[in-house]
Amino acid sequence: QLQLVESGGGLVQPGGSLRLSCAASGFTLDYYAIGWFRQAPGKEREGVSRISVGHGSTYYSDSVKGRFTISRDNAKNTVYLQMNSLKPEDTAVYYCAAGTTAWGMHEYEYDYWGQGTQVTVSS
């Protein structure tokens, strides 16, 4: 079975940092574009970051650009989302997703999804 398992969420104060992990089992993430999405209660799911297959170009939404960094560790078959300077509005459930041909941040472009990890930014 193909699975993505997320970890690293938690409670952090504004201005703090967290690193989310997305570990793959049953397939190799190196062959997939990986997207990070988030969904706050009562809001639509939004794409926040993506690392493309091939040359590994990256994308960040305007709301997180300059604060978040996506990276890949092929030896661990894991993709990370380093989140710095966190704000209360970053509070959401964060999901990673993998797609063989994903180029944008549309949910239909991604074939496999993790279960999500809660990130709460609060004083």
Side-chain angles (χ1 to χ4, degrees):
Q1 293 183 343
L2 308 180
Q3 284 190 316
L4 296 173
V5 180
E6 296 168 296
S7 62
L11 175 65
V12 64
Q13 294 188 355
S17 298
L18 285 173
R19 188 179 73 165
L20 305 183
S21 298
C22 177
S25 62
F27 66 106
T28 301
L29 284 181
D30 190 38
Y31 302 132
Y32 293 81
I34 306 298
W36 282 96
F37 298 78
R38 67 185 182 187
Q39 187 169 28
K43 296 184 178 180
E44 296 182 352
R45 187 175 297 180
E46 63 172 338
V48 297
S49 185
R50 182 193 68 252
I51 184 165
S52 301
V53 70
H55 297 296
S57 62
T58 57
Y59 161 85
Y60 302 95
S61 67
D62 290 340
S63 62
V64 307
K65 188 174 183 179
R67 300 187 297 119
F68 290 12
T69 303
I70 189 169
S71 62
R72 188 195 307 267
D73 186 340
N74 290 332
K76 299 184 67 174
N77 206 25
T78 300
V79 171
Y80 302 97
L81 184 67
Q82 178 67 46
M83 306 185 296
N84 299 325
S85 302
L86 284 164
K87 305 174 181 179
E89 49 263 46
D90 294 318
T91 296
V93 177
Y94 284 71
Y95 302 87
C96 67
T100 57
T101 59
W103 183 85
M105 295 299 291
H106 301 102
E107 293 186 23
Y108 65 79
E109 296 180 290
Y110 295 85
D111 305 306
Y112 307 104
W113 291 78
Q115 297 181 29
T117 184
Q118 176 70 49
V119 172
T120 302
V121 185
S122 176
S123 298

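Throughout, residue positions are numbered sequentially from 1 according to the sequence presented. Since the model is a prediction, treat every value here as computed from it, not as a measurement.
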Donor-acceptor check, side chain of [X] to backbone of [Y], threshold 3.5 angstrom: yes or no?
X	Y	result
Asp90	Lys87	yes
Thr58	Ile51	no
Thr117	Gly9	yes
Ser49	Trp36	no

Exercise for review: Ignoring hydrogens and angles, state whether a donor on the side chain of Ser61 or Ser63 is under 3.5 Å from an acceptor on the partner side chain.
Suggested key: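 Ser61 vs Ser63: donor-acceptor pair found between side chains.
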Exercise for review: Would you tell me whether Ser57 and Ser52 have side-chain atoms, one donor and one acceptor, within less than 3.5 Å of each other?
Suggested key: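 The answer is yes; a qualifying pair exists.
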Exercise for review: Please test Arg38 against Glu46 for side chain to side chain contact (heavy atoms under 4.5 Å, CB included), starting from the C-alpha separation and ending with a verdict.
Suggested key: CA-CA 6 Å; Arg38 67 185 182 187; Glu46 63 172 338; 2.8 Å; yes
Check your understanding: What pairs meet the side chain to side chain donor-acceptor pair (under 3.5 Å) rule with one or both residues in residues 3-25, with sequence neighbours excluded?
Key -> Ser17-Asn84
**Study point:** From CA spacing to verdict: side chain to side chain contact (heavy atoms under 4.5 Å, CB included), Phe37, Val48
**Key:** CA-CA 5 Å; Phe37 298 78; Val48 297; 5.9 Å; no
Check your understanding: When the ring planes of Trp113 and Tyr95 are compared, do they come out parallel, tilted or perpendicular, using 30° and 60° as the limits?
Key ->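 Rings of Trp113 and Tyr95: perpendicular, as their planes differ by over 60°.
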Review point. Which of parallel (below 30°), tilted (30 to 60°) and perpendicular (above 60°) describes Phe68 and Tyr94?
Key: tilted
[Y] and [X], any side-chain heavy atoms less than 4.5 Å apart:
X	Y	value
Glu107	Arg45	yes
Thr78	Arg72	no
Val64	Met83	no

Atom pair [atom1] ([X]) and [atom2] ([Y]), whose distance is rounded to the nearest 0.5 Å:
X	Y	atom1	atom2	answer
Asp73	Asp30	CG	CG	11.0 Å
Thr100	Asp111	OG1	CG	5.0 Å
Thr69	Tyr80	OG1	OH	14.0 Å
Ser123	Leu11	OG	CG	9.5 Å
Cys96	Ile70	SG	CD1	9.0 Å
Met105	Tyr59	CE	OH	6.5 Å

Review point. So if you build clusters from Ile, Leu, Val, Met, Phe, Trp, Tyr with side-chain heavy-atom gaps below 4.5 Å, do Leu2 and Tyr31 land together?
Key: yes
Practice item. Indicate if Val119 and Tyr60 have the same hydrophobic cluster label, given that clusters are the connected sets of ILVMFWY residues with side-chain heavy-atom separations under 4.5 angstrom. Key: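 Linked within one cluster.
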Practice item. Begin from the C-alpha positions of Ile34 and Leu29 and carry the test side chain to side chain contact (heavy atoms under 4.5 Å, CB included) through to its verdict. Key: CA-CA 8 Å; Ile34 306 298; Leu29 284 181; 3.4 Å; yes
Review point. Of the non-hydrogen atoms in Arg67 and Leu86, which two are nearest, and what is the gap between them?
Key: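 For Arg67 and Leu86, the tightest heavy-atom pair comes out as NH1-CA, 3.8 Å.
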Practice item. Over all heavy atoms of both residues, which pair between Leu4 and Cys22 is shortest? Give the atoms and the distance, please. Key: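 Minimum heavy-atom separation between Leu4 and Cys22: CD2-SG, 3.9 Å.
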Point to revise | Criterion side chain to side chain contact (heavy atoms under 4.5 Å, CB included) on Tyr32 and Tyr110, from CA distance to verdict | key: CA-CA 9 Å; Tyr32 293 81; Tyr110 295 85; over 6 Å; no
